[in-house]
Protein chains: 2
Amino acid sequence: MVVDSGPAQEEIDRIFQALADGTRRDILTRVIEREQSVSALAGAYRMSLPAVQKHVSVLERAGLVGKTRHGREQRVHAEPDRIRTARELLDRYEVLWRHRVAAMDALLAEERPDRSKE
Amino acid sequence: MVVDSGPAQEEIDRIFQALADGTRRDILTRVIEREQSVSALAGAYRMSLPAVQKHVSVLERAGLVGKTRHGREQRVHAEPDRIRTARELLDRYEVLWRHRVAAMDALLAEERPDRSKE
DNA sequence: GTAACTTGCAACCAAATGGTTGTAGATAGC
DNA sequence: GCTATCTACAACCATTTGGTTGCAAGTTAC
């Protein structure tokens with residue numbers, strides 16, 4: 001079932017924006033496989049820790065990951081529901097496309113020009 | 001890394017970047033329903049025509065839409081294959097997530113820290 | 001031809017992105 | 001106590017983004 005009747009535009013913006021960076025997609029992949037601390041993540045890339053912190057923050061604001069305290073460490077984990085939401089978002093576009101193709105087929109079958117619409 | 005066996009990283013960047021803007025998602029929705037000229041699209045928004053041109057250009061570089069000349073008009077149309085590609089990209093993340101949940105379940109059931117798969 | 005319309009492109013500007021360094025607060029271990 | 005580590009946050013900088021205006025080129029209509 002759909003999580004909600006449709007996330008706000010800004011929510012969708014954040015989700016796609018978060019996924020529009022290779023480092024962030026890689027971070028997401030890593031924490032999906034296993035939750036880990038920010039510094040552990042930072043060790044995997046050739047950039048500074050604050051840079052990784054920012055990427056995690058972007059993913060967090062998009063709701064794709066969350067953080068849990070374990071002593072002095074802060075483990076980053078994936079948020080599966082939101083990931084599925086993102087996929088379902090793309091599903092809607094595919095549904096729209098199928099609809100258009102069906103309309104075009106009907107148009108070609110009846111062989112009538114429909115240019116007087118606008 | 002693991003997720004990437006399809007399009008290049010930059011391609012994926014462009015696809016998600018293109019979808020990370022409400023105006024561009026709306027343009028995509030419109031041209032999926034019916035192909036139309038750039039100026040016709042521009043008439044639907046409260047921004048200048050060059051701004052809409054830029055949005056279309058971003059969608060075009062991402063491969064989500066294409067353009068066809070009809071006299072002096074340039075009709076923008078959707079590229080369904082690429083839209084499906086984007087959705088399948090998200091599918092892979094969901095698969096990874098399911099994998100991780102299955103591993104966690106096995107972990108909790110057997111109560112041992114080894115996460116080797118069957 | 002001239003005029004009107006559609007498009008493309010360059011220059012410009014404000015705001016956001018993605019990175020850096022530096023500083024400061026908690027927590028674990030000595 | 002002191003020290004080292006993990007994290008957060010602020011300031012700063014270069015580049016990109018999203019918008020503007022203005023101008024040039026191609027196409028249609030007169």
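Just so it is clear: chains get the letters A, B, ... in the order the sequence lines come, proteins before strands, and each one is counted from 1. Just so you know, these numbers come straight off a predicted model, no measurement behind them. Side-chain atoms are counted along with the backbone in the values below, which use heavy atoms only and exclude waters and symmetry mates.
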Original post:
Of the nucleotides C:dA11, D:dT21, C:dT7, which one has an atom closest to the side chain of B:Pro50?
Top reply: D:dT21
Original post:
When you measure from the side chain of A:Arg72, which nucleotide among D:dT5, D:dG19, C:dG18 comes out closest?
Top reply: D:dT5
Subject >> Nucleotide C:dT17, atom P - distance to CZ of B:Phe16 in whole Å >> reply: 17 Å
Subject >> Closest nucleotide among C:dT7, D:dG18, C:dG18 to the B:Lys54 side chain >> reply: D:dG18
Subject >> Any B:Leu59 side-chain heavy atom under 4.5 Å of B:Glu79 side chain >> reply: no
**OP:** Would you mind classifying the nucleic acid contact of A:Ser37 as base, sugar-phosphate or nothing, using non-hydrogen atoms under 4.0 angstrom?
**Re:** sugar-phosphate
**OP:** Measure the distance from CZ on A:Arg75 to C1' on D:dT7 and round it to the nearest whole Å.
**Re:** 14 Å
**OP:** Measure from NZ on A:Lys67 to C1' on D:dT7 and round the result to the nearest Å.
**Re:** 8 Å
Original post:
Going by heavy atoms in the side chains, are A:Tyr45 and A:His55 under 4.5 Å from each other?
Top reply: no
**OP:** Look at the side-chain heavy atoms of Ile, Leu, Val, Met, Phe, Trp and Tyr, link any pair under 4.5 Å apart, and say whether A:Val58 and A:Leu89 land in one connected group.
**Re:** no
Original post:
With the threshold set at 4.0 Å, does a side-chain nitrogen-carboxylate oxygen contact exist between B:Arg14 and B:Glu11?
Top reply: yes
**OP:** Could you check how far OH of B:Tyr45 sits from P of D:dG18, rounded to whole Å?
**Re:** 14 Å
Original post:
Can you tell me if the side-chain N/O atoms of B:Gln74 get under 4.0 Å from OP1 or OP2 in C:dT6?
Top reply: no
**OP:** Ignoring the backbone of A:Val38, work out which of D:dA8, C:dT20, D:dT21 is nearest its side chain.
**Re:** D:dA8
**OP:** Select from B:Leu49 and B:Arg69 the residue whose nearest nucleotide in DNA chain D is closer to the 5' end of that strand.
**Re:** B:Leu49
**OP:** State, with a plain yes or no, whether a side-chain heavy atom of B:Glu35 is found less than 4.5 Å away from one of B:His70.
**Re:** yes
**OP:** Could you check how far CD of B:Gln17 sits from C1' of D:dT15, rounded to whole Å?
**Re:** 13 Å
**OP:** May I have the distance from A:Asp21 (atom CG) to C:dG18 (atom P), rounded to whole angstrom?
**Re:** 5 Å
**OP:** Look at the side chain of B:Ser48 and decide which nucleotide, out of C:dT7, D:dC6, D:dT21, has an atom nearest to it.
**Re:** D:dT21
**OP:** Just compare C:dG19, C:dG8, D:dG18 and give me whichever is closest to any side-chain atom of B:His55.
**Re:** D:dG18
Original post:
Heavy atoms under 4.0 Å, any strand shown: does A:Ser39 hit a base, just sugar-phosphate, or nothing?
Top reply: sugar-phosphate
Original post:
Between atom CD in B:Glu73 and atom P in D:dT28, what is the gap in whole Å?
Top reply: 10 Å
**OP:** Just call it for B:Arg24: base, sugar-phosphate, or nothing, with non-hydrogen atoms closer than 4.0 Å on any strand.
**Re:** sugar-phosphate
Original post:
Taking NE2 from A:His70 and C1' from C:dA28, how many angstroms apart are they, rounded to a whole number?
Top reply: 16 Å
Original post:
Reckon B:Gln53 touches a base, only the sugar-phosphate, or nothing at all at heavy-atom distances under 4.0 Å?
Top reply: base
